[in-house]
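From a predicted model like this one, the values you see are computed outputs, not experimental measurements. In what follows, every heavy atom counts, from backbone to side chain, and hydrogens, waters and symmetry copies are set aside.
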Amino acid sequence: MMYVIQVETGQEAVTIKLIEEIFRMGNEGALIEEVFFPQRERTMKYEGSWKKVTEKLFPGYLFLKTSHMEEARILLRRVPRLTKLLGVDEDAIYPLSKEEIDLIYSLCGKEHLAQISDIEIKEGNKVNILSGPLKNLEGKIVKINLHKRVALVRVRFMKNDVTSTWESRFWGKKKKKNRKINGECSQKNG
């Protein structure tokens, strides 16, 4: 099962170290299979040249994979930077659904780093997702901004519709800067 933990924004890496330290000190390291924060690649222009950088996909959130949440929850209370476990309703904690876990891994892979997607725009604003994390999200692109080199993607996550911006490399027709996509995305085979 995978759970979401809210932490102080900007303190994700420090909080992971605290969690690992507390679980190691208590000889309870086996309770946690994995704790991470997903990131994505971006390019930014610094001093006239483009540099590849990484940024947090969900600032202020960690993802914890465990089969022993009740035992892990006791130790997590000792982590000073931990704000709360999401899905907490009184004493109940709700894990992410299988679809949400699959979404996280399809976007970021086992390395927890989303690459920049390659997208081909064809006549009639049809989109071929050539490579990258958006490849499995056909029909989820709602808008493309060629000037900013981003695709807006709407997905269902934690029982909400969430729209996020994904940097992409675009190929093909480039007449308009903004394009609305009516769910007509197709994946190029091969």
For [Y], is there any backbone N or O sitting under 3.5 Å from a side-chain donor or acceptor partner on [X]?
X: Ser117; Y: Leu134; value: yes
X: Thr66; Y: Leu31; value: yes
X: Glu100; Y: Ser97; value: yes
X: Asn128; Y: Leu130; value: no

Exercise for the section: To the nearest 0.5 Å, tell me how far Thr15 OG1 sits from Glu12 CD. Expected result: 7.0 Å
Are any of the side-chain heavy atoms of [X] and [Y] separated by less than 4.5 Å?
X: Ile119; Y: Ile141; result: yes
X: Arg40; Y: Trp166; result: yes
X: Lys122; Y: Glu120; result: yes
X: Leu85; Y: Met69; result: yes
X: Leu103; Y: Glu99; result: no
X: Gln39; Y: Glu55; result: no
X: Val4; Y: Leu64; result: no
X: Tyr3; Y: Leu96; result: no

Problem - With Gln115 via side chain to side chain donor-acceptor pair (under 3.5 Å) - residues at least two apart - result: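 Per chain and number, Gln115 pairs via side chain to side chain donor-acceptor pair (under 3.5 Å) with no residue.
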Problem - Candidate list Phe63, Phe58, Tyr61, test ring-ring contact (aromatic ring centres under 6.0 Å, His included), partner Phe36, passing option - result: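 The residue from Phe63, Phe58, Tyr61 that satisfies ring-ring contact (aromatic ring centres under 6.0 Å, His included) with Phe36 turns out to be Phe63.
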Practice task
Answer yes or no: is there an ion pair linking Asp161 with Arg154, defined by an N-O contact shorter than 4.0 Å?
Solution key: no
Exercise for the section: Would you please say whether a donor-acceptor pair under 3.5 Å links the side chains of His68 and Glu33? Expected result: no
Practice task
Would you please say whether a donor-acceptor pair under 3.5 Å links the side chains of Thr43 and Glu167?
Solution key: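 Yes.
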